[in-house]
Amino acid sequence: MMRWICHIDMDAFFASIEQLDDPALRGRPVVVGNGGRGVVAAASYEARRFGVHSAMPVSLARRLCPEGVFVRGRRDRYREVSRTVMKVLGDFSPHVEPASIDEAYLDATGLERLFGPVDMLARRIKEAVRTATGGLTCSVGAAPVKFLAKIASDVNKPDGLFILRPDQVADFLRPLPVERLPGVGRRFMNALSAMGVRTAGDVLRYPESFWQRRFGKAGQVLFDRARGLDERPVEPLGMPKSESAETTFAEDTRDRAFLQRRLMGHAERVGTSLRRHGLSGRTITLKVKYADFRQITRSRTLPLSTNATETIFETACALLDALHLEQPVRLIGLGVSGFDHAAEQMPLPVAPFPARDETRRRNLDSALDALRARFGSRAVVRGRLFGEDEQ
Ligand SMILES: [Mg+2]
C-alpha cells in the first residue's frame with residue numbers, strides 16, 4: 001500500500017484570526033506583534049507585500065509598513081482555534097501529529113477507501129477546516145514522506161494544495177535548494193555551498209559513504225533527504241515511543257526456563273497495552289542486568305510491525321538464546337518500539353511470519369484481551385505461564 005502523508009499549514013494563522021474576528025481588518029495589512037520581545041509573530045499577506053515577515057523586530061515592520069494595523073497577540077484565542085483545527089483533522093484520521101500551533105501532519109495511508117484519492121481528501125480537509133473555523137484557509141501538501149509533505153504545503157500558499165506523487169519526487173528534488181531540506185541550517189549550507197553543492201541534485205553527485213565520512217549523521221540525513229527518504233512516522237501527541245516491562249528478581253539467576261517465563265509475562269503485558277492503544281512496533285528489545293549491575297540490550301527489527309504477544313515473546317526468547325549469560329541475572333525486561341501507526345489500518349499485505357499463524361495469534365490475543373476486560377487480568381493465563389507464582 002502506498003504511503004501518503006499530508007502536511008496541513010494554516011495561512012498567516014494569527015493575522016488571519018484577527019481578520020476573521022474583526023471584519024474591519026480584512027484586506028488590510030495586519031501585523032501581530034509579540035508583546036514581550038517586540039518581534040512580529042505573524043503578518044497578513046497584505047503586510048507581507050511590504051516586506052514584513054515573522055521574527056522581524058516590530059520597529060522595523062512599522063517603518064516598512066506605516067499604514068499597517070499593529071495588534072497584540074491573543075494567545076488564548078489562537079490556541080482555541082488551533083484546537084478546533086486539530087479536532088477537524090482528527091475526524092479524518094487518528095494519526096495526526098500537531099507540529100506547532102498552526103500546522104500538523106496527518107498520515108493518510110489507507111484513507112482512500114474512506115475519502116477517495118489523496119487530492120480529494122486534501123480538498124475535503126481544506127473545506128472542513130474552513131467551515132469549522134468560520135472561514136480560515138490552510139494549505140495542504142501531500143507526499144510519500146513527512147519532509148516532502150511539509151515542503152509541498154508551501155508550494156501554492158496561501159489556500160494552496162499540492163500533491164507530490166512518488167514518480168514526481170526525483171524531478172521535484174533535483175533543483176531544490178539544499179537549505180529547503182530539514183537539517184540544513186545556515187552553517188551547513190555554507191559548508192555545502194563551498195563544495196559547490198547547492199541543490200538536492202548536487203548532493204547525489206557524491207556517494208553515501210562520502211557524506212557519512214565528511215559530516216557523520218548529518219551527512220547521512222542529507223543524503224537520504226536528497227533522494228526523498230524520510231522514515232519518520234507521524235506521531236500523535238502523547239503517544240508513547242515505546243512500550244516495555246521489566247522485573248528485578250529477589251535472587252539473581254541463570255535459570256533460562258525461569259527467564260523465559262518472565263519474558264512471557266512481559267510480552268503479555270506489553271502486547272496487551274499495544275493492542276489497547278492500537279499500536280504495533282517493529283523493534284523488539286531484550287534488556288538484561290547482571291548481578292554486578294552491568295546492563296546490556298539486544299534488539300531485533302522485524303520485517304513488519306507486530307503487537308502479537310507470542311511474536312514479541314518468541315523474538316525476545318531468540319535474543320535471550322543468543323546471549324551468553326556471563327553472570328547471574330538480576331533483571332530482565334523487554335520492550336517494543338519503532339511504532340508504525342499506519343500498519344494498524346493495513347490488512348497485512350506481506351506477513352513476516354506464515355500468514356495463517358499470525359492470524360491465529362491475532363485471534364487468540366483478541367479473545368484473551370476480551371476475557372481479561374470482562375473478568376480481570378488474572379482470569380486467563382497462557383499455557384506457558386501456567387503454574388507461575390504470583391509476582
Ligand atoms: Mg502557518
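We use all heavy atoms of the structure for the numbers below, so side chains are in, but hydrogens, waters and symmetry mates are not. Whatever order the structure lists ligands and atoms in, that order sets their numbers, starting from 1.
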Are D154 and S139 linked by a side-chain donor-acceptor pair shorter than 3.5 Å?
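No, no side-chain donor-acceptor contact under 3.5 Å.
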With the Mg ion (ligand 1) at the center, what angle do OD1 from D9 and OD2 from D102 span, rounded to 10 degrees?
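Value, to the nearest 10 degrees: 100°.
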Would E103 count as a contact for the Mg ion (ligand 1), in the sense that one of its N, O or S atoms lies under 2.8 Å from it?
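Checking E103: none of its N, O or S atoms is under 2.8 Å.
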M10 near the Mg ion (ligand 1) via N/O/S, less than 2.8 Å
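M10 does place an N, O or S atom closer than 2.8 Å to the Mg ion (ligand 1).
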Check whether any side-chain N or O of S93 sits under 3.5 Å from a backbone N or O of A108 as a donor-acceptor pair, and report yes or no.
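No.
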For a 4.5 angstrom cut-off between non-hydrogen side-chain atoms, does L164 reach V155?
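Not touching, per the 4.5 Å side-chain cut-off.
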Does R261 make a cation-pi contact with F258, if we ask for NZ or CZ under 6.0 Å from the ring centre and within 45° of the axis?
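Judged by the rule (NZ or CZ under 6.0 Å from the ring centre, within 45° of its axis), R261 is not positioned above F258.
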